[in-house]
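Notes follow once the structure below has been shown.
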Number of protein chains: 4
Amino acid sequence: MARGINKVILVGNLGNDPETKYTQGGMAVTTVSLATTSVRKDRDGNNQERTEWHRVKFFGKLGEIAGEYLRKGRQVYVEGSIRYDKFTGQDGQERYMTEIIADEMQMLGSGEGRPAGGPSERSERPASRPAPAQRREPTSSSAPPPMDDFADDDIPF
Amino acid sequence: MARGINKVILVGNLGNDPETKYTQGGMAVTTVSLATTSVRKDRDGNNQERTEWHRVKFFGKLGEIAGEYLRKGRQVYVEGSIRYDKFTGQDGQERYMTEIIADEMQMLGSGEGRPAGGPSERSERPASRPAPAQRREPTSSSAPPPMDDFADDDIPF
Amino acid sequence: MARGINKVILVGNLGNDPETKYTQGGMAVTTVSLATTSVRKDRDGNNQERTEWHRVKFFGKLGEIAGEYLRKGRQVYVEGSIRYDKFTGQDGQERYMTEIIADEMQMLGSGEGRPAGGPSERSERPASRPAPAQRREPTSSSAPPPMDDFADDDIPF
Amino acid sequence: MARGINKVILVGNLGNDPETKYTQGGMAVTTVSLATTSVRKDRDGNNQERTEWHRVKFFGKLGEIAGEYLRKGRQVYVEGSIRYDKFTGQDGQERYMTEIIADEMQMLGSGEGRPAGGPSERSERPASRPAPAQRREPTSSSAPPPMDDFADDDIPF
DNA sequence: TTTT
DNA sequence: TTTT
């Protein structure tokens, strides 16, 4: 039985382009570095900033999407869990690493649905890039269908 | 494309036993009423309590588990999203309803893994009920296997 | 004693400009309408979208900031709690309203630190608008000071 | 300006009694070790458990409450943020530590409002300990006062 | 009523 | 190493 909740919610900017590797089985594993900055007043009344750099990992399908769409500087929402790892380095020393294992990701700001052109969104890209064409007629929030209309596993939003 | 995050996290107690219905397709739909109480000081310095009653719905497999394990009074963690519904009553009046559509649930407190005995945990149960055995030898967080050991879709915790 | 957790996390776009009112005591109360859209496949395999419109309220200092900086279309992060209200309309009918009471807000995307020029970011604004000038030398995450260096209420980030 | 969200939500059990220290300024700093366990199926279809041990710190008033009420084994809800620290050990080696800086805490299960009797809830306590009195007559959610009734900083729940 |  |  699972016991406990281990949930992390981050909104931050990428410090560099994502790195994607593949397992023997062919699963994508994408790693990014995500910055979150907070501010507080110190005892002298001055604003003090502090930035945390989160090591975030995306696996499988999400790893492929992250590798394709994320780029240095992008702002992103990440939901996942904390994982503490302990391993022995080549020098025989024990080392610790903390990672955020993402299970949801969403790009923020503009240009969200657009696949990234290459390292760091190089701007030499031709102007003829096709429009994202993702128009959508927003569904009005109407009444739910009566229960009998549901099919199996037909879970509403 | 999904746009936006709509996330609700609740920890509260059930106001009554869950109600489970089934769709034509056989999917379980369990509804519970969950109370969360908060406190604040009013302008006279007195503590003021306020309780929100959340209407929480569980679908499918989670609906079956909720119907089987939850009981009035139990404390529970729920994660889900808000859904606002609008429908027309039998009197022709428009009505609004807000629901939390759960996608994760975890029972809290003791006796967590124990199926519920019946309505409201009937206390005629023999006193000899074995202890919940909540002890747990936490697994030590050891090093992750090297990446090449992963098989497809073998996503680590 | 507070009992329970009632937490909402939203990332969405504003459907219109915020409305700010003031209480007799002079406290700002700003209301916005926030859209979150999700997608799922229906039983025919087609993508179905659904948009929830959240009524979000900001009070006090946060209400002033929200009224000044938010504008129609902006993407925003909101954290708060759900509040269900029941009141009697002028027709004697009971009515229900669900609101998100915000206790944290953060603007997303570009132009974050810039005060809004007026209704819906009117673009007739002169090009000479001064630069936001919010540069910052990111603090390197260094070691925490030894505990004895802390002063009272000097809570680290 | 703060940029980013760094939020952690944990529900877990304490691995041992909390440790409280005080800064020169007299601020309480309480540290606990919190376990969260998750389960997944491995490629052979067997359930694999994994436990993360979170190092959680409470400061100030919250640190005093945590030191007084928490005990080994207790189940607790914690909300806070991740902080990565890097410091140089006495051997000159760089070391890393990840901590959760709590800004909200709530005890779960029964006996929530009861101060802890000593290390690990010693069971020599007399059997006549009064019932936790966990009953609660939930306040009915009534209509909010009209806005003009609010005084300054009189923020509703 | 928003956004891509 | 990001962002405004």
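These numbers come from the heavy atoms of this one structure, side chains and all, not from hydrogens, waters or symmetry mates. The sequence lines fix the lettering, A, B, ..., with proteins before strands; numbering per chain opens at 1.
Ion pairing of B/R83 with C/E52 is absent here, as no side-chain N (NZ or NE/NH1/NH2) approaches a carboxylate O to less than 4.0 Å.
Between the side chain of C/S33 and the base of E/dT1, at least one donor-acceptor pair of N or O atoms lies under 3.5 Å.
When the P atom of F/dT4 is taken as reference, atom CZ of A/R74 falls 12 Å away, rounded to whole Å. One atom, CD of C/Q75, and another, C1' of E/dT4, lie 10 Å apart when rounded to the nearest Å. In this structure, CD of A/E52 is placed 16 Å from P of F/dT1, rounded to the nearest angstrom. Across the protein-nucleic acid pair, C/W53 atom CH2 and E/dT1 atom C1' stand 4 Å apart, rounded to whole Å. What separates CZ of C/R50 from P of E/dT3 is a distance of 20 Å, to the nearest Å. Rounded to whole Å, atom C1' of E/dT2 lies 13 Å from atom CG of C/L70.
In this structure, of F/dT4, F/dT2, E/dT1, it is F/dT4 that holds the atom nearest to the side chain of D/R3. Among the nucleotides F/dT2, F/dT1, E/dT2, the one closest to any side-chain atom of A/N16 is F/dT1. You'll find that the side chain of A/N13 is closest to F/dT3, out of F/dT3, E/dT2, F/dT1. Comparing F/dT2, E/dT1, F/dT1 against the side chain of A/T51 picks out F/dT2 as the nearest.
Side-chain contact between C/L10 and B/I5 is absent, with no heavy-atom pair separated by less than 4.5 Å.
Taking the side chain to side chain donor-acceptor pair (under 3.5 Å) definition, one finds that D/K57 meets it with D/E99, sequence neighbours left out. Residues passing the side-chain contact (heavy atoms from CB on, under 4.5 Å) test with C/T20, sequence neighbours excluded: C/Y22, C/A28, C/T30.
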